[in-house]
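Report on the structure given below.
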Amino acid sequence: MMDKTFDPAAVEARVGAAWETEGAFRAGRPERAGAEPYCIVIPPPNVTGSLHIGHALNNTLQDILCRFERMRGRDVLWQPGTDHAGIATQMVVERQLMERQQPGRRELGREAFLEKVWAWKEESGGAIVGQLKRLGASCDWSRERFTMDEGLSEAVLKTFVDLHAQGLIYRDKRLVNWDPKFQTAISDLEVLQVETKGNLWYFDYPVVDEADGLTGETITVATTRPETMLGDTAVAVHPDDKRYTGLIGKKVLLPLVRRAIPIVADTYSDPEKGTGAVKITPAHDFNDFEVGRRHGLRAINVLDEEGQMLLAGNEAFLQDADPEPEALELHGLDRAVARKRVVALMEEKGLLLKIEPNVHAVPHGDRSGVVIEPYLTDQWYVNVKPLAERALQAVRDGETRFVPENNEKVFFQWLTNIEPWCISRQLWWGHQIPAWFDEDGGIYVALNEQEAQAKAASARGGPVTLRRDEDVLDTWFSSALWPFSTLGWPEATPELARYYPTNTLVTGKDILFFWVARMIMMGLHLTDKAPFSTVYLHALVRDATGAKMSKSKGNVVDPLGLIEQYGADALRFTLAALAAPGRDIKLGPNQVESYRNFATKLWNASRFAEMNGCRLDPDFKPEAAKAVLNRWALGEAARAVSEVATALDAYRFNDAAAAAYRFVWNIFCDWYLELAKPVLQGEGVDPALKNETQKSIAYLIDQIAKLLHPFMPFLTEELWAIKGEGMVDRGLLTLASWPDLSGLANSEAEAEVGFLVELISEIRSARSETNVPAGAQIPLVLVGVDGTVRERVQRWQDTLLRLARLSEIRFETDAPKNSVQLLVRGSVAALPLEGIVDLAAEVDRLRKEAGKTEGEIKKLDGKLNNADFVARAPEEVVEEQRERRDSEAARLEKIREALTRLTDQG
RNA sequence: GGGCGCGUAGCUCAGCGGGAGAGCACUUCCUUGACAUGGAAGGGGUCACAGGUUCGAUCCCUGUCGCGCCCACCA
């Protein structure tokens, strides 16, 4: 006996264990050796993270695809693993040390600190995997990888060394985005521009003559960053700006610093902005850096790695300058504090002309949240331009396609304007860069120190002392190799041969550039193949009001909480049902609740089947079913199966979920089981009919379990087990085949059952509208119907009596006095309700309906009488409209007859 | 500034050239033996606005208004 209620927690544990024992999700199961492979690589979650709602969506969608393809017989590899997530993880561990008041990173030193991180990884690395399993993710867990495990690290080293040898990786001294909090360089993508309210300060710079004597003239510059003026090495004006033509070539004496710097002409200067004269600080601004290059200006760095003023002992700063004592006192101040001091000093000197409020975008670190500094350092870069060109070509050629398609445009736009990728990070947690320096600035890139030594020795003509670059690589550098490094690349493994290139990548559109683009570039360059053929990009999950979820706002929806409350199946189905392509998902608990109800509904339908002796018969042949009702239900199921499959093939998860939902609830439960009740529970029913109906119901529940398995794996696996009890060699549902109900569609059955359904609906509607008490049984009269309809109605007599609450069914040539008359597929059914129904109201109702029908006919006539329409519209459209007009006209005729009967007799 | 997308029932959203849909919410009725996490019935929409293309526009085009997101931008 099935339990009265479905208990998700117990079932999830039991079913999960059964899958694990069977090794159901292992790729390359022997029986599938000849099957076509299907492979998805998981977007590796942060090893120290925990499952958030975005993961839940992302992995639900992947799991739906994997289970669907597995049931279609493919040899599925869903490759799992985790990412070391450089900055994020290092940050977590550092914070933890601080909270525990333990020695910090620098005190510990590199080796000891890394030990702490590895310990933390071991401790928390299993958490997210366990959480993915709770969601039902059917990954091949035996193949789990980590971006810093041995094999993947080798792949990273080899890639770095090879790309360096090819000239695609190089070292360069230029401005980078510097994060003063983490004291590391970050890539352009890790910088977020934040609209910030600030000021525009106008400073007067005094113009000097050849001998650096004041001329009395000034030039006014506007700046949002007063503190950087200490590093100014020029003032630029537009060559065509008449206001300044006389000043070009002259010099100004930089206030506070007393450094003479030139006024140069450069088209970078925009006469419309500020004063048209712009101070140039090559070491602290990307644009100024370029201007500096063009004019041979010095780049004077005035900040240290923490974003504090670096003046004392700063040779570049002191050279050719004579700083005022107040200026030197700025040393060591944070840039924000220094800014205020500089403004104050300039004001004291009477050089502050005015202050204007100004809103502008300020770069912030996406992880640290602090203001990013353009900073002059040596870093490693990948010249991604040539790689990008190939990636663009692959997408243009359709080797990889995007779903939804419009993401292609975004992809094209970014790759077309791509800049070199800064890949070195001044962190400890990550892949240490395989580069060694000698004492004379020689750089040797090699797979290991011995090779580097060899290279150095041959370059220098003898052994030299080498020091390894301390920096590590950007996390995304190793992620970019994920689709093939996890399969064993650079070794030519059987897995690589069988499952690569992978089929589908499912990920959030927020990491299109970070990850997807880089995988495509690296994949093409290193393996000569695009790493996947389809990229499905889903949107963000937001809270019920549409706000972005964040810890600080306190509006995060915890998927594990939802799983505990409603079950994993309910959460999964909800996410699938809401996953309309290209739209953000707004998720609140009541959505999950409604789909939990759906799970309950299916559970109860199965209980009903059990209570009514519906047992699976392995010999049941659906195509041989005789009863109209069963043939109808089987036909509807066939349609649902094909709708779901079509939708999934197009990555329309929401449509697939809706089609399955509609069939199970609105067809199978609402009508099939209800219509079958008289057969199952009535007296004197033909035993053969009853038997066939029982078997058909059991069969369809089995098909429903299959149909819903990709969405609700736990519940359906449990039902499969319950229904299959005692059957030998049935195996697990998750390894069973996708339903094949082709050929079961049946239009005759649809005509008959469809009529029945409509008739019952019409009667119920009329009863309700005329306020017939729900418990009252009333007679039904079929008026002047032909033999076919009469037979039909007689065949369904018991069902009609029961579902429409009728006392009897009569066949008459005329409608009884004072009755409500219904039109059902061309037949007239009357409910004699004298004394109950308000005659005048019924006349009103019919008149209203006649009016509506007339309106329809008028509209259709308008079309059909339009010569242009008939001439230009496609034949089948015209024909369709004609048919509609005819049926509306017939309907109007019947309504009028009904009205006549009512009014004549009334 | 450049790009992408969205404005359809109270809410969340499907539909995207020929009859306006679903779920939730709401109203009324029903504890009938699968299910009240349920059943039955019902109300509710100039498909943002204005032009255009078309025999025909919620759907295609243009513009306007409103709302998101991405990229670039510290004068």
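Given the structure is predicted, the values throughout are model-derived calculations rather than measurements. Order of the sequence lines sets the chain letters (A, B, ...), proteins ahead of strands, with each chain counted from 1.
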Item to complete: State, without any angle test, whether A:Glu190 and A:Ser187 hold a side-chain donor-acceptor pair at a distance under 3.5 Å.
Response: yes
Worksheet item: Between the side chains of A:Asn612 and A:Gln681, is a donor N or O closer than 3.5 angstrom to an acceptor N or O?
Response: yes
Candidates [options] - which lies nearest the side chain of [X]:
| X | options | result |
| --- | --- | --- |
| A:Ser765 | B:G42, B:A14, B:G39 | B:G42 |
| A:Met611 | B:C74, B:A34, B:G39 | B:A34 |
| A:Arg607 | B:A34, B:A14, B:A41 | B:A34 |
| A:Trp665 | B:G38, B:A34, B:C73 | B:G38 |
| A:Val362 | B:A34, B:C71, B:C74 | B:C74 |
| A:Ala774 | B:C35, B:A41, B:C29 | B:C29 |
| A:Cys669 | B:A34, B:C74, B:G18 | B:A34 |
| A:Asn604 | B:C74, B:A34, B:U37 | B:A34 |
| A:Phe869 | B:G18, B:A41, B:C74 | B:G18 |

Listing time: all N or O pairs from protein to nucleotides 19-23 of chain B that are below 3.5 Å?
{"unit_1": "B:G19", "atom_1": "OP1", "unit_2": "A:Arg884", "atom_2": "NH1", "d": "3.2"}
{"unit_1": "B:G19", "atom_1": "N2", "unit_2": "A:Arg884", "atom_2": "NE", "d": "3.4"}
{"unit_1": "B:G19", "atom_1": "N3", "unit_2": "A:Arg884", "atom_2": "NE", "d": "3.1"}

Worksheet, complete the sentence: Parsed dot-bracket for RNA chain B after applying the Watson-Crick and G-U rules with both distances under 3.5 Å and | for other-strand partners is ((((((((.[[[[.)..(..]]]].(((((.......))))).....[[[[[..)....]]]]])))))))....
Counting any heavy atom closer than 4.0 Å, what does [X] reach on the DNA or RNA strands: base, sugar-phosphate only, or nothing?
| X | value |
| --- | --- |
| A:Arg339 | nothing |
| A:Lys677 | base |
| A:Tyr268 | base |

Fill in: Strand contacts (RNA chain B) in residues 223-230 of chain A, 4.0 angstrom heavy-atom criterion
A:Thr223, A:Thr224, A:Arg225
Worksheet item: Parallel under 30°, tilted from 30 to 60°, perpendicular over 60°: which one fits the rings of A:Tyr672 and A:Phe668?
Response: tilted
Check for a donor-acceptor pair, side chain of [X] on one end and backbone N or O of [Y] on the other, with a separation under 3.5 Å.
| X | Y | answer |
| --- | --- | --- |
| A:Ser768 | A:Arg764 | no |
| A:His538 | A:Ile585 | no |
| A:Tyr268 | A:Val278 | no |
| A:Asn199 | A:Trp201 | no |
| A:Arg884 | A:Glu856 | no |

Discussion item. Ignoring hydrogens, what is the shortest heavy-atom contact between A:Phe289 and A:Pro282? Give both atom names and the distance.
Written reply: CD1-O, 3.3 Å
Fill in: A:Ile372 to A:Ile186 - nearest heavy-atom pair and separation
CD1-CD1, 3.7 Å
Practice prompt. Supply the atom-to-atom distance A:Asp702 CG to A:Leu719 CG, rounded to the nearest 0.5 angstrom.
Written response: 9.0 Å
Discussion item. Determine whether the aromatic ring centres of residues A:Tyr595 and A:Tyr566 are separated by less than 6.0 angstrom.
Written reply: no
For [N], take OP1 and OP2 only and decide whether either is under 4.0 Å from a side-chain N or O of [X].
| X | N | value |
| --- | --- | --- |
| A:Lys273 | B:C74 | no |
| A:Gln193 | B:C73 | yes |
| A:Asn597 | B:G38 | yes |
| A:Trp414 | B:C4 | no |

Worksheet entry | Sole candidate of A:Phe598, A:Phe6, A:Phe714, A:Phe608 that passes ring-ring contact (aromatic ring centres under 6.0 Å, His included) when paired with A:Trp603 | A:Phe6
Distances under 3.5 Å between nitrogen or oxygen atoms of protein and nucleotides 25-27 of chain B:
none

Practice prompt. Could you list all the side chain to side chain donor-acceptor pair (under 3.5 Å) pairs where at least one residue sits in residues 269-278 of chain A, not counting sequence neighbours?
Written response: none
Please write out the pairs of protein N or O atoms and N or O atoms of nucleotides 5-9 of chain B separated by less than 3.5 Å, giving the distance to one decimal.
{"unit_1": "B:C6", "atom_1": "O3'", "unit_2": "A:Arg583", "atom_2": "NH2", "d": "3.0"}
{"unit_1": "B:G7", "atom_1": "OP1", "unit_2": "A:Arg583", "atom_2": "NH2", "d": "3.2"}

Worksheet item: Considering residues, nucleotides and ligands other than A:Arg615, do more than 12 of their heavy atoms fall under 6.0 Å from its CZ?
Response: no
Response to the item:
By nearest-heavy-atom nucleotide on RNA chain B, the more 5' of A:Leu578 and A:Ala361 is A:Leu578
Discussion item. I'd like to check A:Met229 versus A:Tyr205 (side-chain heavy atoms, cut-off strictly below 4.5 Å). Are they in contact?
Written reply: yes
Discussion item. Checking A:Arg825 against A:Glu762 for the salt bridge (Lys or Arg N to Asp or Glu O under 4.0 Å) test, could you report, in this order, the C-alpha distance in whole Å, the side-chain angles of both residues, the deciding distance, and whether it holds?
Written reply: CA-CA 11 Å; A:Arg825 294 201 182 182; A:Glu762 286 289 335; over 6 Å; no
